[in-house]
Protein chains: 2
Amino acid sequence: MSVTTLHRPTHRDALGLLEAAFGDGRMVTAFGRCSVDYDGRASSELGPGDRLVVCKPDGTILVHTDENRKPVNWQPPGCVHRASVRDGQLRIRSERSSPTERLDVAFERVEQVTAYEVSDRSDLRLTGSEEDLRQRILDDPALVEPGFEPTATERETAAGPVDIFGADAEGRPVVVELKRRRVGPSAASQLRRYVEAVDEEFPDEGVRGLLVAPSVTDRAAALLDELDLAFVPVDPTANVASEGTPR
Amino acid sequence: MSVTTLHRPTHRDALGLLEAAFGDGRMVTAFGRCSVDYDGRASSELGPGDRLVVCKPDGTILVHTDENRKPVNWQPPGCVHRASVRDGQLRIRSERSSPTERLDVAFERVEQVTAYEVSDRSDLRLTGSEEDLRQRILDDPALVEPGFEPTATERETAAGPVDIFGADAEGRPVVVELKRRRVGPSAASQLRRYVEAVDEEFPDEGVRGLLVAPSVTDRAAALLDELDLAFVPVDPTANVASEGTPR
DNA sequence: AGTTCAATCTCGTGC
DNA sequence: GCACGAGGTTGAACT
């Protein structure tokens with residue numbers, strides 16, 4: 001049976017389905033009036049209301065209200081779920097250690113509980129990531145500037161890995177930081193850290209820093225200017241499918 | 001009726017429930033074998049598999065597999081959902097403009113569709129945030145250092161707002177950046193930006209920068225040291241309820 | 001397990 | 001709307 005649903009179950013009946021589903025790796029949804037209590041990296045309390053609770057076989061639990069993409073409460077994968085009935089409430093508890101975290105959902109009324117057998121072998125294929133932008137630039141380094149020659153990606157420095165490292169037409173070291181979207185001050189600071197680290201490796205070689213992104217905010221532009229770092233605009237919507245670009 | 005469920009519905013019956021629920025602000029879940037196509041800030045494709053789709057009345061849509069806290073695909077609040085039947089598939093399309101984004105979920109088989117009436121007036125109360133840490137320090141500035149005198153919070157500078165601004169025992173300007181958890185290089189850079197901005201406001205006054213957090217990574221510690229910024233450890237699990245701390 | 005950084009980040013706040 | 005920064009960020013890749 002792929003889907004098992006209980007409509008307005010007694011707490012005891014709901015408990016039975018939850019325990020069975022937790023035991024054999026099914027996904028579960030429970031909807032009803034509940035309160036939520038969380039304690040771990042932070043602490044939270046949520047008074048009574050109607051919410052949709054999703055328990056995944058990997059130990060994830062999500063509590064969704066009628067608003068927002070983010071669950072109002074949750075536990076990440078790796079937690080252990082248990083259900084119980086106490087004080088006239090159906091409770092779902094999810095716990096983990098390192099860090100120690102606990103989530104309690106207490107239903108005073110359960111409208112519906114459903115267990116799902118899930119089979120999903122497909123992987124998401126996503127394009128438009130920073131990784132894709134990097135590949136575009138490696139395929140055609142002139143997108144950065146004429147004469148740019150990449151020599152390494154994710155090159156390690158004392159300040160962390162540089163997205164693209166290379167040399168310009170005059171042979172000067174170039175640090176490139178890539179962003180797939182409009183950047184603010186933090187990206188400028190990140191580039192600065194890398195440039196300073198590389199500068200210590202190549203003293204007196206005039207290391208250059210380039211921030212490659214679709215656009216920059218005013219504050220970031222001012223910061224780049226002050227730090228002698230350059231912004232290089234790239235079209236974020238360029239066709240990724242265009243392979244075989246001549247070098 | 002608080003919950004309406006269709007078990008193994010025909011596409012046409014599922015469509016009817018979806019349209020009714022989208023029309024009157026109910027939350028919906030649909031479970032079945034589906035493929036997903038997304039195009040917007042990025043693009044993605046997801047082949048057939050069993051997933052749980054959640055549509056919220058605020059325009060959010062979530063596509064959840066059996067793993068992870070993050071939906072495999074989604075749209076944020078503010079989107080418009082529509083359902084249709086074409087080519088033997090039940091389709092749910094969610095769109096928005098600015099930015100232009102489109103999500104298509106195509107079910108070849110629907111195991112269950114449910115519409116929920118949701119009523120939730122409770123607000124989440126969360127403790128342990130950076131805001132709470134700030135309040136603790138304002139209540140007892142000696143947590144930062146003896147003689148520290150806060151004069152402003154969220155004080156504006158050319159580089160952005162400073163968490164806590166004040167003066168030390170010798171009257172020197174102090175910039176405090178707060179983090180509720182262990183910090184890495186980016187927090188050190190952020191503090192640096194603020195200190196440099198304030199330094200331009202108070203030349204030759206020796207502006208100090210303090211990073212107040214539970215702990216720092218090695219790289220961040222080295223960076224702070226290099227930049228003459230200080231790290232001040234704070235207990236992240238201190239009791240927030242202890243008000244009335246003497247000043 | 002810890003570090004670092006990307007993310008269709010999301011979300012709130014302020015301008 | 002945009003900008004900026006927090007987040008129980010999550011998640012992945014690497015050490």
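Below, read A as the first sequence line, B as the second, and so on, with proteins coming before strands; counting in each chain starts at 1.
- Using a 4.0 Å heavy-atom cutoff across all strands shown, B/S186 reaches no nucleic acid atom at all.
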Between B/S84 and B/R91, does the side chain to side chain donor-acceptor pair (under 3.5 Å) criterion hold? Intermediate values first, please. CA-CA 5 Å; B/S84 63; B/R91 289 159 188 265; 5.4 Å; no
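- To the nearest 0.5 Å, atom CZ of residue A/R193 and atom CD of residue A/E196 are 10.0 Å apart.
- Residue contacts for B/Q190: at a heavy-atom cut-off of 4.0 Å it reaches the sugar-phosphate backbone alone, with no base atom in range.
- Distance from the side chain of A/R219 is smallest to D/dC4 among D/dG8, D/dC4, D/dG11.
- Atom CG in A/L126 sits about 13 Å away from atom C1' in D/dG11, given to the nearest Å.
- Within 4.0 Å (heavy atoms only), B/R193 reaches sugar-phosphate atoms of the nucleic acid but no base atom.
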Kindly list each side-chain donor-acceptor pair under 3.5 angstrom involving residues 30-39 of chain A, sequence neighbours excluded, with atom names and distances?
{"from": "A/R33", "atom 1": "NE", "to": "A/E108", "atom 2": "OE2", "distance (Å)": "3.0"}
{"from": "A/Y38", "atom 1": "OH", "to": "A/R41", "atom 2": "N", "distance (Å)": "2.8"}
{"from": "A/Y38", "atom 1": "OH", "to": "A/A42", "atom 2": "N", "distance (Å)": "3.2"}
{"from": "A/Y38", "atom 1": "OH", "to": "A/E101", "atom 2": "OE2", "distance (Å)": "2.5"}
{"from": "A/D39", "atom 1": "OD1", "to": "A/S43", "atom 2": "OG", "distance (Å)": "2.3"}

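- Think of the region where chain B sits on DNA chain C: with heavy atoms and a 4.0 Å cut, that region ends 5' and 3' at C/dT3 to C/dC11.
- Of all nucleotides listed (D/dT9, D/dA6, D/dG5), D/dA6 comes nearest to the side chain of B/E130.
- A straight line from CG of A/L223 to C1' of D/dA3 spans 14 Å, rounded to a whole angstrom.
- OP1 or OP2 of D/dG8 has not a single side-chain nitrogen or oxygen of A/S43 nearer than 4.0 Å.
- Taking atom P in both D/dG7 and C/dA7, one finds a spacing of 22 Å when rounded to whole Å.
- For B/R69 and D/dG7, the CZ to P distance is 14 Å, given to the nearest whole Å.
- Of all the heavy atoms in B/D58 and A/N68, the pair that sits closest is OD2-N, 2.7 Å.
- Taking atom CD of residue A/E131 and atom C1' of nucleotide D/dA13, one finds them 11 Å apart after rounding to whole Å.
- For A/Y38 and A/R182, each mapped to the nucleotide of DNA chain D holding its nearest heavy atom, the one lying further toward the 5' end belongs to A/R182.
- With B/Y116 as the aromatic partner, B/R26 does not meet the cation-pi criteria of under 6.0 angstrom to the ring centre and within 45 degrees of the ring axis.
- Spacing between atom CG of B/L191 and atom P of D/dA6 amounts to 12 Å, rounded to whole angstrom units.
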Trace of the side chain to side chain donor-acceptor pair (under 3.5 Å) decision for A/H64 with A/K70: CA-CA 8 Å; A/H64 273 284; A/K70 254 182 76 174; over 6 Å; no
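- For the P atom pair drawn from D/dG8 and D/dC4, the interatomic distance equals 22 Å after rounding to whole Å.
- For the atom pair OH (B/Y194) and CG (B/D163), the distance works out to 7.0 Å, reported to the nearest 0.5 Å.
- For A/W74 and D/dT10, the shortest distance from a side-chain N or O to OP1 or OP2 is below 4.0 Å.
- Note that SG of A/C55 and CD1 of A/I61 are 4.0 Å apart. Values are rounded to the nearest 0.5 Å.
- Heavy atoms of B/P99 sit nowhere under 4.0 angstrom from any nucleic acid atom.
- Using a 4.0 Å heavy-atom criterion, one finds that A/P77 contacts the sugar-phosphate atoms exclusively.
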Pair A/L143, A/D235 - check side-chain contact (heavy atoms from CB on, under 4.5 Å), show working. CA-CA 10 Å; A/L143 285 173; A/D235 182 359; over 6 Å; no
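- B/L103 comes within 4.0 angstrom of nothing in the nucleic acid, heavy atoms only.
- Atom CD1 of A/I61 and atom P of D/dT10 are 15 Å apart (whole Å).
- Of the two residues near DNA chain C, A/E67 and B/T217, the one whose nearest nucleotide lies more 5' is B/T217.
- Across C/dC5 and C/dC9, the matching C1' atoms stand 12 Å from one another, rounded to whole Å.
- Considering only side-chain atoms of A/R41, the nucleotide from D/dA12, D/dA3, D/dG8 that sits closest is D/dG8.
- Here B/A187 lies out of heavy-atom contact (under 4.0 Å) with every strand.
- Each of A/N73 and B/P161 has a nearest nucleotide on DNA chain D; the 5'-most of these lies closest to B/P161.
- Scanning for ring pair (Phe, Tyr, Trp, His ring centres under 6.0 Å) contacts around A/F22 gives A/H81, with sequence neighbours left out.
- At the heavy-atom level, B/S129 lies under 4.0 Å from the strands shown only through sugar-phosphate atoms.
- A/A220 comes within contact range of no nucleotide atom at all, as no heavy-atom separation falls under 4.0 Å.
- In this structure, A/R180 and B/G184 both approach DNA chain C, and ranking their closest nucleotides by distance from the 5' end singles out B/G184.
- If you check every strand for non-hydrogen atoms under 4.0 Å, B/E177 touches sugar and phosphate atoms only.
- In terms of phosphate contacts, B/R181 brings a side-chain nitrogen or oxygen within less than 4.0 Å of OP1 or OP2 of D/dT9.
- To the nearest whole angstrom, the two P atoms, one in C/dT4 and one in C/dT8, are 22 Å apart.
- Counting to the nearest Å, the C1' atom of D/dG5 and the CZ atom of B/R155 are 18 Å from each other.
- Among the nucleotides D/dG5, D/dA12, D/dG8, the one closest to the side chain of B/N68 is D/dA12.
- One finds a side-chain N or O of B/K179 lying less than 4.0 angstrom from the OP1 or OP2 phosphate oxygen of D/dA6.
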